[in-house]
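Everything on this sheet refers to the single structure shown next.
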Amino acid sequence: MNALQPYYKTIEGMKEKGLYTPIRVLESPQGPWFTIDGKKLLNFCSNNYLGFAQDKRIAAAAIKAIKKYGVGAGAVRPISGNLTLHMEAEKALAKLKGAEAAFLLPGGFIANIVAIATIVGKEDIVISDELNHASIIDAIKLAQVKTKFIYKHNDMGELETRLKEAVSVAKTPKSDGTKPIILVVSDGVFSMDGDIANLPEIVRLAKKYNAITMVDDAHGEGVLGEGRGIAAHFGLQGKLDIEVGTMSKAFGVLGGVIAGKKELIEYYRQKGRPYLFSTGLTVADAAAVIEGVKILTKSKALVKKLWDNAAYLKKGFQKMGFNTGVTETPITPVMLGDENLAKEFSARLFTRGVFATPIKFPMVALGKARIRVMPSSVHTKKDLDYGLNAFKEVGKELKVI
Ligand SMILES: Cc1ncc(COP(=O)(O)O)c(C=O)c1O
């Protein structure tokens, strides 16, 4: 038997349990409506919060940059691929976030790997929220941290208990004689539920116990703090040690960012392996980031429209009797529980012209399947009504409401 055979069997098992994810192909741009299998569908599940993925101003800026620079950086940035566009984009992002410096990487996943695995090693200590993003979990694994504490989601009482334990562990110096770092890491906005980390309390506790703070603001940039992100939302600019973000959500392109003090960013630039050994952003991505920051800085209209749409949608779902969980942001989960129910719900939405994929294990815990609806500022009220109506019909058919 081929050694890979068990993997293929796993796929069959996943199909039986409703855990298999068929991946659809988009035949049109990624907008409020798009085409799949020749069918026009309302897009209810992208992270394109502000419509930047098709914004004409951003596309024009990317085209202009391509005409000047070509398409790619051609090398890792520390060798010969560091473009003025990269530097400009970093400056713009630092300013937007109110940080001393920022550092662009090829993706948010990679940014979390760099942010954690570059400064934390086997003998350091990490304290992490149980619902943190997979990239944070993998970064901690990669760092081979022996002492890690996972605290109950957003439970500040448990965080304090863990900090006390960490302080006690940290009394033993590392083999090189230095003191272990204690890193507290949390998503800013939790991507599957839409709730927000209690960042002011995390910062207060971390300070009390001399720990380092890190937040992943992937779903906060362009959304919270009038588009400036979670630090601005809580008035914590300059108070967080490490802010990670992504250009793949509200910014509509590709890229990851780490923001913080100049010295920290300098350290990452010299030591971050995925930066040293992986090519920098493409010309189009870097130019799009610069233009995106410009748009966000000039007007808050798109951010306001996003929140208005989100409020309209949530009210609509709740009025019909759907459970939208604990969200505090535009992320709007329609909680269904059973994996097969979520799959069937999504399939019936599809036949009614609404595209909203089921979110299920391993993206969320088993038995906590849902359809995560993502409104954007480019949806019209008519679009939202269309989607709400489809949910109502399917919800009744499947006896969810
Ligand atoms: C909270 C969070 N962090 C990081 C990432 C990874 O970002 P990227 O898609 O840029 O790799 C995501 C995207 O799924 C995310 O939701």
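Counting starts at 1 for both ligands and their atoms, following the listed order. Keep in mind that the numbers below use all heavy atoms, side chains included, and drop hydrogens, waters and symmetry copies. Computed from a predicted model, the values in this text were never measured in an experiment.
- Residues forming a salt bridge (charged side-chain N to carboxylate O under 4.0 Å, His left out) with Glu100 (at least two apart in sequence, or on another chain): none.
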I'd like a table of the close N/O pairs between ligand 1 and the protein (anything under 3.5 Å), one pair per line with both atom names and the distance.
{"from": "ligand 1", "atom 1": "3 (N)", "to": "Asp216", "atom 2": "OD2", "distance (Å)": "2.6"}
{"from": "ligand 1", "atom 1": "9 (O)", "to": "Ser248", "atom 2": "OG", "distance (Å)": "3.1"}
{"from": "ligand 1", "atom 1": "10 (O)", "to": "Gly108", "atom 2": "N", "distance (Å)": "2.7"}
{"from": "ligand 1", "atom 1": "10 (O)", "to": "Thr246", "atom 2": "OG1", "distance (Å)": "2.5"}
{"from": "ligand 1", "atom 1": "10 (O)", "to": "Ser248", "atom 2": "OG", "distance (Å)": "3.1"}
{"from": "ligand 1", "atom 1": "11 (O)", "to": "Gly108", "atom 2": "N", "distance (Å)": "3.2"}
{"from": "ligand 1", "atom 1": "11 (O)", "to": "Phe109", "atom 2": "N", "distance (Å)": "2.9"}
{"from": "ligand 1", "atom 1": "14 (O)", "to": "His133", "atom 2": "NE2", "distance (Å)": "3.3"}
{"from": "ligand 1", "atom 1": "14 (O)", "to": "Lys249", "atom 2": "NZ", "distance (Å)": "2.8"}
{"from": "ligand 1", "atom 1": "16 (O)", "to": "His219", "atom 2": "NE2", "distance (Å)": "2.9"}

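- Contact annotation: the side chain of Phe103 approaches that of Val114 to within less than 4.5 Å [non-hydrogen atoms, C-beta and beyond].
- Considering only residues two or more places apart in sequence or on other chains, Glu344 meets the salt bridge (charged side-chain N to carboxylate O under 4.0 Å, His left out) condition with Arg348.
- Judged as a salt bridge (charged side-chain N to carboxylate O under 4.0 Å, His left out), the pairs with a partner in residues 4-27 (not counting sequence neighbours) are, in order, Arg24-Asp37.
- Checked against a 6.0 Å centroid threshold, the rings of Phe317 and Phe391 count as neighbours.
- Under the 30°/60° scheme for interplanar angles, the aromatic rings of Phe322 and Phe345 are found to stand perpendicular.
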